[in-house]
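Reading through the structure tokens given below for one structure.
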Amino acid sequence: FEFMTNKPVGQTFQLKDRVYKKAHTSTNFSNERIYGYVTEVVKEKNKIGRSFYYYWIQHEGTGKLSKHAQHRLAAAPLTPS
């Protein structure tokens with residue numbers, strides 16, 4: 001019997017990547033996707049020393065900045081120019 005180990009996950013997104021925040025599947029609070037561009041990448045460690053990536057996103061349209069965990073984001077296609 002082998003124990004499953006969590007493999008380290010590296011940084012998924014780069015600065016200026018276009019991403020969207022995935023909607024919460026368990027609630028109907030907001031199904032609206034938030035689109036934006038990565039402005040900063042933050043690597044943080046939890047109490048056991050495991051690294052996690054967070055991203056500051058500048059929202060399209062409003063310019064608002066918000067911080068999101070990597071697992072809550074997905075790559076979005078670039079808008080036609």
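The residues of the chain are indexed from 1 along the displayed sequence.
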Query raised in the report: Taking side chain as C-beta onward, heavy atoms only, is Tyr35 less than 4.5 Å from His59?
Result: no

Query raised in the report: If two hydrophobic side chains count as joined below 4.5 Å and joins carry through other members, does Trp56 share a cluster with Phe52?
Result: yes

**Report entry** Cluster check Tyr37, Leu65: I/L/V/M/F/W/Y, side chain < 4.5 angstrom
**Finding:** no

Requested in this report: Treating Ile, Leu, Val, Met, Phe, Trp and Tyr as nodes and any side-chain heavy-atom pair under 4.5 angstrom as an edge, say whether Tyr54 and Val41 lie in one connected cluster.
Outcome: no

Query raised in the report: What are the two closest heavy atoms between Lys43 and Ser51, and how far apart are they?
Result: CE-OG, 3.2 Å

Query raised in the report: For Lys67, does the NZ atom sit with more than 12 other heavy atoms under 6.0 Å from it, leaving out its own atoms?
Result: yes

Query raised in the report: Are side-chain heavy atoms of Lys21 and Ile57 found at a separation under 4.5 Å?
Result: no

Query raised in the report: Does Arg33 come within less than 4.0 Å of Glu60, counting only side-chain N to carboxylate O?
Result: no

Query raised in the report: Among His68, Gln70, Glu40, which residue meets the side chain to side chain donor-acceptor pair (under 3.5 Å) test with Tyr55?
Result: Gln70

Query - Heavy-atom pair of closest approach, residues Ala75 and Tyr20 - result: O-CE2, 3.6 Å

Report task. Take Val38 and Val19, measure what side chain to side chain contact (heavy atoms under 4.5 Å, CB included) needs, and give me the verdict at the end. Result -> CA-CA 7 Å; Val38 175; Val19 296; 4.2 Å; yes

Query raised in the report: Between OG1 of Thr12 and NE2 of His71, what distance do you get to the nearest 0.5 Å?
Result: 11.5 Å

**Report entry** Distance in Å, Thr39 OG1 paired with Asp17 CG, rounded so as to fall on 0.5 Å steps
**Finding:** 11.5 Å

